[in-house]
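Before any comments, here is the structure.
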Amino acid sequence: MARKAGRHFLQIPGPSAVPDRILHAIARQTIDHRGPDFAAVGQTALEGMKTIFKTEAGHVFIYPASGTGAWEAALVNTVKEGDRVLMYETGHFATLWNKMASKLGVEAEFIEGDWRGGADPDAIEARLRADTNHEIKAVCVVHNETSTGSVSPIAQVRAAIDAAKHPALLMVDSISGLASVDFRFDEWGVDVCVSGSQKGLMLPPGISFNAVSDKAMAVARTGGMRRSYWDWNDMVGPNATGYFPYTPGTNMLYGLNEAIAMLHEEGLDAVFARHARHGAATRAAVRGWGLEVLCAQQGQESGVLTAVLMPEGHSADGFRKTVLEQSDISLGNGLSKVADKVFRIGHLGDFNDAMLLATLTGVERGLTRAGVPHQKGGLDAAIEVLDTVDASALKAAE
Ligand SMILES: *Cc1c(COP(=O)(O)O)cnc(C)c1O
């Protein structure tokens with residue numbers, strides 16, 4: 001195969017491009033994970049992730065697993081077969097989490113959604129109020145729905161649970177939201193947050209996280225289902241001194257510690273504002289082309305990715321193939337219900353204006369090459385946003 005010069009643009013909404021600093025941090029010798037030098041690596045990672053989740057009281061667990069593993073960990077530690085959980089259909093990832101819960105034998109109730117916005121706190125509150133026997137043990141919501149580009153209002157979901165005076169745990173999938181979109185574990189009263197390495201944290205895929213409140217830890221001490229690998233109770237002891245009950249992803253932890261340092265050097269608020277600004281510029285481009293953004297809820301559009309509806313009769317996957325061949329840019333595909341109907345532009349992680357403009361240029365050229373009806377002007381509209389929107393004035397959706 002002929003060598004391709006220049007960098008490939010990995011503009012799928014995770015994995016995101018890994019910055020050189022992180023690659024270099026990972027490219028060091030693996031050390032003895034039970035030896036004296038490891039404690040500082042483990043402690044820095046566990047303490048550092050608390051600052052990313054924004055929790056002081058919560059516990060952080062790190063698994064050598066993809067995000068899906070951390071989903072399972074959240075469920076098996078807190079609910080058992082036959083327990084009821086309330087989930088909200090924001091899109092493909094909420095659907096997968098729901099299916100997982102069912103496979104585990106949990107009664108996984110699903111509030112239907114149209115895949116065009118975040119979870120509706122009013123619908124959650126109404127269902128919880130009707131659950132007078134408190135059969136629902138947990139409310140599970142996806143923070144940033146990566147299949148649609150919508151952000152759920154987590155603080156309002158908490159408020160809905162409180163308004164219904166319901167004791168259910170609040171479990172949040174922020175696999176693609178964390179470190180890109182504002183997330184506040186303690187302030188929002190989240191009980192379990194699930195996250196992963198390969199999205200906002202800018203790492204390769206391979207490790208994932210649970211942040212856990214004292215309330216959820218107490219449930220796990222006597223409850224949950226049969227489990228071994230995922231058991232929080234087995235992690236607590238070794239974690240207290242920076243160690244793990246089994247071999248951790250040592251080199252990924254080197255990378256994680258670098259990522260945490262980078263996020264704080266930039267400042268989390270600046271990171272969120274940068275993502276929000278790139279999201280706004282991308283939506284301006286899409287509308288400038290005369291195309292439609294999948295997220296239809298104003299204020300819930302994601303700074304992580306933008307899902308774009310393809311005009312009737314045109315294949316989103318055919319278009320993505322054109323863009324890959326023409327510009328060496330990978331765009332995200334439509335998942336399940338919206339397969340071939342949407343494409344997704346990832347603008348997350350280690351990303352700047354020039355990279356966004358290159359990506360949007362690739363999209364515009366691809367629309368022309370693939371014969372997709374559109375107007376010119378998308379790029380200009382994006383530049384206009386980049387030139388006029390003050391990043392510090394933009395706040396991520398809450
Ligand atoms: C990526 C993602 C997942 C799945 O994570 P894996 O690492 O692929 O297992 C789940 N939920 C959301 C919201 C995601 O973005």
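Start at 1 and go down the list; that is how both ligands and their atoms are numbered.
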Note: [X]-[Y] ion pair, threshold 4.0 Å (strictly below):
X: Glu109; Y: Arg84; result: yes
X: Asp191; Y: Arg158; result: yes
X: Arg116; Y: Glu292; result: yes

- Tell me whether the centres of the aromatic rings in His347 and His275 are closer together than 6.0 Å.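 Centroid separation for His347 and His275: 6.0 Å or greater.
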
- Query: Within the structure, does Gly67 bring an N/O atom to less than 3.5 angstrom of an N/O atom in ligand 1?
  - Reply: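 The answer is yes, given that Gly67 and ligand 1 share an N or O pair closer than 3.5 Å.
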
For ligand 1, indicate whether the residue [X] contacts it via side chain, backbone, both or neither (heavy-atom separation under 4.0 Å).
X: Trp97; value: neither
X: Thr68; value: both
X: Asn144; value: backbone
X: Gln198; value: side chain

- Query: Is the Lys NZ or Arg CZ of Lys199 less than 6.0 Å from the centre of Phe93's six-membered ring, within 45° of the axis?
  - Reply: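 Output yes; distance and angle both within limits.
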
- No-hydrogen, no-angle side-chain donor-acceptor test under 3.5 Å, Thr282 and Thr306: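 Result is no, nothing qualifies.
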
Counting non-hydrogen protein atoms only, what is the nearest one to [atom]? Give residue, atom name and distance.
atom: atom 15 (O) of ligand 1; value: Thr146 OG1, 2.4 Å
atom: atom 14 (C) of ligand 1; value: Lys199 NZ, 3.0 Å
atom: atom 11 (N) of ligand 1; value: Asp173 OD2, 2.7 Å

- In terms of atom number and element, which parts of ligand 1 are under 4.0 angstrom from non-hydrogen atoms of Ser66?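 Counting from 1, the qualifying ligand atoms are 6 (P), 7 (O), 9 (O).
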
- Task: May I ask you to check whether over 12 heavy atoms, not counting those of Lys337, lie within 6.0 Å of atom NZ?
- Result: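 Count over threshold, so yes.
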
